[in-house]
Enquirer: 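One structure follows; several queries about it will come next.
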2 protein chains.
Amino acid sequence: MEANAPMDPLTERQSEILRLIRDLTEVSGFPPTRAEIARSMGFRSVNAAEQHLRALEKKGVLEILAGASRGLRVREPRPAGRLGRLMELPVIGRVAAGSPILAEAHVQARYQLDPNLFTPRADYLLRVRGMSMRDAGILDGDLLAVHRSHEARSGQVVVARLADEVTVKRFRRRGYSVQLLPENPDFEPIELDLRQDSLAIEGIGVGVIRSGKGL
Amino acid sequence: MEANAPMDPLTERQSEILRLIRDLTEVSGFPPTRAEIARSMGFRSVNAAEQHLRALEKKGVLEILAGASRGLRVREPRPAGRLGRLMELPVIGRVAAGSPILAEAHVQARYQLDPNLFTPRADYLLRVRGMSMRDAGILDGDLLAVHRSHEARSGQVVVARLADEVTVKRFRRRGYSVQLLPENPDFEPIELDLRQDSLAIEGIGVGVIRSGKGL
DNA sequence: TTCAGCAGTGGAATTATATCCAGTATCGGC
DNA sequence: GCCGATACTGGATATAATTCCACTGCTGAA
């Protein structure tokens with residue numbers, strides 16, 4: 001085996017393709033062709049699919065068997081134990097100041113979800129309050145699927161805790177300067193200097209679920 | 001579908017082939033071609049494999065997808081599946097003009113969801129294309145949870161079919177006059193008169209799921 | 001005895017598929 | 001300003017794979 005330890009992170013588009021391959025394989029029983037990928041993604045050129053596959057192979061998450069039709073194999077990291085089946089995710093409501101997010105008291109409900117739905121894995125669902133992320137399609141009352149993490153990359157939606165308040169914002173960082181950006185012109189960005197302000201990343205947003213009424 | 005209740009027993013040779021298909025699929029990640037089967041079995045003619053596949057299909061233990069390379073699916077007697085009261089919802093991608101939404105060809109994936117998540121019950125997930133419902137928090141690529149229904153009330157988000165095109169819009173009706181309203185000022189409302197225009201409601205939106213990309 | 005199912009050979013037409021080539025456009029880093 | 005990476009369109013081509021055809025030979029049931 002070759003060493004692809006660094007494992008560059010996938011772009012959004014690339015993980016979308018990877019998930020599509022997994023899903024189509026699951027449904028049909030065999031991997032898709034380039035043309036099928038292109039059709040599902042809405043590409044008008046099969047080559048767009050081909051290029052993505054090459055990129056995924058280079059990053060070590062996909063195997064391509066030269067010459068074989070549908071010769072794709074997703075390299076599963078096989079997380080310890082359970083691969084498929086269901087996960088039961090807690091729905092976290094209002095988070096009291098000073099207490100950890102996942103405190104039992106905050107759990108409003110538990111839903112069973114298909115783990116394939118989100119990448120990376122969602123650990124809990126946070127009920128979003130307010131309209132500060134409206135233009136990112138995250139509305140009041142929505143459930144934000146959150147992957148627990150203490151780090152974030154610029155551009156990601158994060159769950160952050162500043163001085164005992166938990167908030168959902170888009171994260172941007174340059175050196176010691178961090179911005180927590182709302183996606184709604186009616187709200188003000190939050191500017192932080194890591195040398196003096198405390199900031200704790202609680203997780204990154206990996207999905208949104210909205211049910212009923214708001215629609 | 002078809003009734004293959006009697007299920008003729010397989011011959012020695014046939015179950016050997018079936019086992020081979022299962023094994024090769026397991027190790028390589030995708031089903032074998034006729035040529036590969038022939039080679040593994042020692043046939044000098046690919047047609048020998050083809051004939052066996054036809055026989056297996058006739059006996060109901062194998063599915064052959066015409067035209068698709070490696071289009072073989074072993075009919076498993078449902079290993080674990082159907083757990084509790086989980087529903088398995090199909091994800092519907094691009095809907096070809098003139099074909100029913102739930103045609104098997106449109107299914108991109110299947111996800112297990114907790115039925116409590118949406119009310120009323122979601123029957124399928126439709127992948128939304130375009131930004132015409134942006135201000136309702138429904139973005140390009142989102143999955144719209146749809147409850148099948150041929151009727152809608154004013155104000156609901158509907159999946160409608162007009163002249164072979166499937167679209168997601170907000171529904172408004174006064175007498176014979178129907179409006180299909182985008183939630184984005186860049187798009188034009190669609191005005192219909194039920195006395196002359198054809199309109200088919202395919203379902204009403206009961207939820208939204210977004211995974212990854214938009215975030 | 002004829003017929004249907006089983007188990008193959010051999011060849012060939014036609015798709016399906018992978019893969020290459022030449023472009024366009026945007027983005028962030030050096 | 002140039003470069004590599006990303007994300008595509010569009011067309012061409014060789015080959016991988018399905019599928020049809022015409023055969024041979026066996027066996028057991030009607």
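Chain letters run A, B, ... following the sequence lines, proteins first, then strands; residues in each count from 1.
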Enquirer: Roughly how many Å is it from NZ in K59(B) to C1' in dA4(C), rounded to a whole number?
Expert: 13 Å

Enquirer: Look for any protein N or O under 3.5 Å of an N or O in nucleotides 27-30 of chain C and output each such pair with its distance, or none.
Expert:
none

Enquirer: Should L53(B) and L72(B) count as side-chain neighbours, where that means a heavy-atom distance under 4.5 Å?
Expert: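 SC-SC contact between L53(B) and L72(B) confirmed.
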
Enquirer: What is the distance, to the nearest angstrom, from the CD atom on Q14(B) to the P atom on dG5(C)?
Expert: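 My rounded result for the distance is 12 Å.
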
Enquirer: Look at R54(B) together with E57(B) and state whether they make a salt bridge at an N to O cut-off of under 4.0 Å.
Expert: no

Enquirer: What's the CG-C1' distance between L53(B) and dC6(C), to the nearest Å?
Expert: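 After rounding, the gap between these two atoms is 15 Å.
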
Enquirer: Using side chain to side chain donor-acceptor pair (under 3.5 Å), reason through S211(B) and R19(A) one step at a time and then give a plain yes or no.
Expert: CA-CA 10 Å; S211(B) 61; R19(A) 184 150 33 88; 3.2 Å; yes

Enquirer: Distance criterion of 3.5 Å, no angle test: do you see the side chain of S45(A) paired donor-to-acceptor with the base of dG10(D)?
Expert: yes

Enquirer: Using a cut-off of strictly less than 4.0 Å, decide whether R13(B) has a side-chain nitrogen or oxygen near OP1 or OP2 of dC6(C).
Expert: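 Negative; the distance criterion is not met.
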
Enquirer: Does dT6(D) have OP1 or OP2 sitting under 4.0 Å from an N or O in the side chain of K58(A)?
Expert: no

Enquirer: Can you tell me if the side-chain N/O atoms of R44(A) get under 4.0 Å from OP1 or OP2 in dC8(D)?
Expert: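 For dC8(D), neither OP1 nor OP2 has a side-chain N or O of R44(A) closer than 4.0 Å.
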
Enquirer: How would nucleotides 17-25 of chain C be written as a contact map, 5' to 3', with B for base contact, S for sugar-phosphate-only contact and - for no contact, using protein heavy atoms under 4.0 Å?
Expert: SSBBBB---

Enquirer: May I have the distance from F43(B) (atom CZ) to dG11(C) (atom P), rounded to whole angstrom?
Expert: 18 Å

Enquirer: Distance from F187(A) atom CZ to R134(A) atom CZ, nearest 0.5 Å?
Expert: 8.5 Å

Enquirer: Once you round to the nearest 0.5 Å, how far does CZ of R70(B) lie from OG1 of T33(A)?
Expert: 12.0 Å

Enquirer: Between CZ of R127(B) and CE of M41(A), what distance do you get to the nearest 0.5 Å?
Expert: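 CE of M41(A) is found 8.0 Å from CZ of R127(B).
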
Enquirer: Under the 3.5 angstrom rule, does the side chain of N184(B) hit a backbone N or O of S132(B) as a donor-acceptor pair?
Expert: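 Here the side-chain-to-backbone pair does not exist.
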
Enquirer: Can you tell me the distance, in whole Å, between the NE2 atom of H52(A) and the P atom of dT6(D)?
Expert: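 Answer to the nearest Å: 10 Å.
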
Enquirer: Just how far, in rounded Å, is C1' of dA16(D) from CD1 of I37(B)?
Expert: 15 Å

Enquirer: Only counting residues at least two apart or in another chain, list the ones meeting side-chain contact (heavy atoms from CB on, under 4.5 Å) with R121(B).
Expert: M87(B), D123(B), H147(B)

Enquirer: Between atom CZ of F171(A) and atom CD1 of I190(A), what is the distance when rounded to the nearest 0.5 Å?
Expert: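 Rounded to the nearest 0.5 Å, the CZ-CD1 separation comes out at 12.5 Å.
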
